[in-house]
Amino acid sequence: MKILVINCGSSSVKYQLIDTDNEIALAKGLVARIGMSASVLTHKPHDRDEIKVSGEILDHIVAVEYVISILLSENHGVIKDRSEIQAIGHRVVHGGEKFTSSVLITQPLMSEIRSLIELAPLHNPHNIRGINACMKTLPGVPQVAVFDTAFHYQMPPYAYVYGIPYVMYKRYGIRRYGFHGTSHQYVSERAASMMNKPMKDLRIITCHLGNGASIAAVDHGVSVDTSMGFTPLEGLLMGTRSGDLDPAIILHIMAREELSLHEANTLLNKHSGLAGISGISSDMREITESADDGNANAKLALDIYCYRLKKYIASYAAVMGGLDALVFTAGVGENSPLVRKMSCEKLQFIGVDIDDAKNEQIKGVESDISTADAKVRTLVIPTNEELMIARDTKRIVDEQAKA
Ligand code: ADP
């Protein structure tokens with residue numbers, strides 16, 4: 001089955017056309033700068049070179065039309081007719097407490113997804129725009145929503161309830177939800193398969209370290225805790241997001257700097273993290289290079305990043321009463337031996353012991369970087385959220401066909 005996987009941001013559409021028969025991405029790409037000047041579509045068929053097309057892409061509907069046209073194009077396309085696209089899978093960031101697994105999108109369901117905008121005003125509106133754009137561009141093609149929160153839905157209440165009046169949870173749904181679920185699930189399943197053991201026999205910690213970063217404790221197949229919370233702002237230090245901080249700081253800064261809610265939100269989400277501390281960049285490559293060149297703030301940002309990661313790893317091992325595998329994934333996790341080394345230092349007491357020479361060599365490929373006699377397998381596993389979305393979409397469309 002050929003499935004179009006769509007991940008919509010505020011001004012971007014990421015896509016992959018995946019053939020689930022052999023799990024190959026026939027083409028992948030990105031429409032960037034939607035609604036701005038110089039919008040551009042970058043497209044890579046699996047067997048040909050990447051191309052870039054610029055145009056006036058005013059909204060997500062036009063963006064999806066561009067995607068379909070390039071998938072059909074004579075020179076750069078991978079399908080002959082749009083009817084070859086048998087289903088569409090959408091990444092939807094927030095599923096709230098309502099959506100604990102992927103669902104076939106119907107009109108009544110759209111209003112439920114829309115009601116979640118209140119919980120995720122920065123993310124869900126764009127995902128909904130993508131769904132609407134596909135409904136217009138490819139009417140009649142089944143569409144499935146795959147939620148970033150779903151993998152974490154079995155967390156126990158003591159992990160998801162915050163220390164504020166309980167009525168806030170009841171009234172506004174304020175609790176930990178967790179994000180990056182598709183990635184945490186994919187890499188924990190891969191880890192089990194690399195170890196030749198069922199997930200239900202393993203305690204796994206998965207570190208998804210991209211621009212956004214989160215860590216999850218996957219205890220015998222169930223995500224029992226994760227660092228992102230009510231929103232994707234909590235937890236680890238990220239590219240531009242603060243991660244954990246004393247909530248009183250926000251009130252203090254808002255008062256001292258006379259910031260509006262919107263400005264405070266921007267400060268925490270866009271101007272904090274690696275970028276805010278270093279004053280240089282949100283990109284771990286630039287942070288590492290500057291730290292190497294002797295920039296003290298870049299070094300501090302790197303130290304904080306790894307220190308916090310180490311604290312979370314050890315605390316999640318405690319939560320599960322031990323550890324069998326530690327997984328690094330996403331841009332930083334897959335490609336930065338330095339971050340892996342720094343965050344694993346002194347973790348021998350929980351069984352984590354990485355082989356420095358192996359670690360140094362590994363970038364972007366599945367690999368075991370632990371020493372031969374380490375009690376815990378430390379693994380690098382490239383994530384593949386799109387494949388997970390395609391698999392789930394196929395499963396749901398097949399179930400629907402049988403019903
Ligand atoms: P997103 O969350 O946007 O999907 P990615 O998973 O692509 O992000 O991760 C982006 C991050 O990965 C950036 O901080 C980037 O610097 C980092 N990264 C990519 N390659 C390397 C590398 N070779 N060394 C260190 N960091 C890297």
Side-chain angles (χ1 to χ4, degrees), residues 5-16 25 28-33 42 44 91 93 122-123 126-127 146 148 178-184 186-187 190 206-216 226-228 231-243 269-293 295 298-299 301-306 308-309 327-344 359-367 369 380-389:
V5 176
I6 295 279
N7 180 357
C8 266
S10 58
S11 63
S12 68
V13 175
K14 273 192 203 162
Y15 65 93
Q16 286 198 13
K28 53 177 83 169
L30 167 74
V31 187
R33 299 183 58 81
T42 310
K44 166 89 181 73
R91 174 187 184 205
V93 169
L122 300 181
H123 300 91
H126 316 307
N127 305 149
V146 179
D148 255 26
F179 299 88
H180 290 144
T182 316
S183 176
H184 289 295
Y186 176 80
V187 297
R190 281 300 310 149
T206 49
C207 309
H208 177 108
L209 311 175
N211 283 312
S214 69
I215 174 166
T226 187
S227 58
M228 284 180 169
T231 73
L233 185 55
E234 192 183 349
L236 299 171
L237 193 76
M238 306 179 218
T240 61
R241 291 179 223 157
S242 65
N269 279 290
K270 305 246 191 265
H271 301 302
S272 297
L274 292 174
I277 297 165
S278 70
I280 292 174
S281 170
S282 62
D283 190 306
M284 184 54 90
R285 281 165 292 203
E286 289 176 38
I287 295 292
T288 310
E289 277 163 27
S290 303
D292 220 24
D293 291 345
N295 182 297
K299 174 78 170 70
L302 176 66
D303 285 345
I304 297 172
Y305 188 98
C306 297
R308 215 178 260 197
L309 184 53
V327 180
F328 286 95
T329 192
V332 178
E334 291 164 27
N335 296 299
S336 174
L338 180 65
V339 167
R340 295 192 298 248
K341 182 179 155 73
M342 288 173 66
S343 52
C344 288
N359 179 41
E360 271 308 317
Q361 286 165 10
I362 299 304
K363 286 199 174 174
V365 285
E366 261 184 20
S367 186
I369 55 167
V380 176
I381 303 180
T383 193
N384 196 339
E385 291 159 286
E386 290 78 11
L387 179 58
M388 282 302 274
I389 294 174

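Because the structure is predicted, anything quoted here is derived from the model rather than measured. First listed ligand is number 1; within each ligand, the first listed atom is number 1.
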Atom pair CG (Leu209) and CE (Met238), whose distance is rounded to the nearest 0.5 Å: 10.5 Å
If you look at every heavy atom in Leu237 and Gly273, which pair is closest and at what distance? CD1-CA, 3.8 Å
Going by side chain to side chain contact (heavy atoms under 4.5 Å, CB included), Ser183 matches just one of Asn384, Thr383, Asp148, Ile381. Which one? Thr383
In this structure, atom 4 (O) of ligand 1 is nearest to the protein heavy atom Lys14 NZ, 4.1 Å
With atoms numbered from 1 as shown, which atoms in ligand 1 lie under 4.0 angstrom from a non-hydrogen atom of Ser336? 25 (C)
Among all the protein's non-hydrogen atoms, which is closest to atom 23 (N) of ligand 1, and how far away is it? Asn335 CB, 3.4 Å
Looking only at protein heavy atoms, identify the closest one to atom 16 (O) of ligand 1 and say how far it is in Å. Asp283 OD1, 2.3 Å
In the protein, which heavy atom is nearest to atom 6 (O) of ligand 1, and how far is it? Gly331 N, 2.9 Å
So is Val332 touching ligand 1 or not, going by heavy atoms under 4.0 Å? yes
Would you say Ser214 and His184 are linked by a side-chain donor-acceptor pair, where the criterion is simply a distance under 3.5 Å? yes
Identify the closest protein heavy atom to atom 14 (O) of ligand 1: which residue and atom is it, and at what distance? Met284 N, 3.2 Å
When distances are taken from atom 3 (O) of ligand 1, the protein heavy atom at minimum range is Asn211 ND2, 2.8 Å
Heavy-atom closest pair, residues Arg340 and Asn359: NE-OD1, 2.7 Å
Can an N or O of Ala330 be found at a distance shorter than 3.5 Å from an N or O of ligand 1? no
Measure from the side-chain N and O atoms of Thr226 to the backbone N and O of Ile215, and report whether any donor-acceptor pair falls under 3.5 Å. yes
Considering only heavy atoms, which of Arg285, Glu334, Lys363, Met238 lies nearest to atom 27 (C) of ligand 1? Arg285
Roughly how far, to the nearest 0.5 Å, is the CD1 atom of Ile362 from the CZ atom of Phe328? 13.5 Å
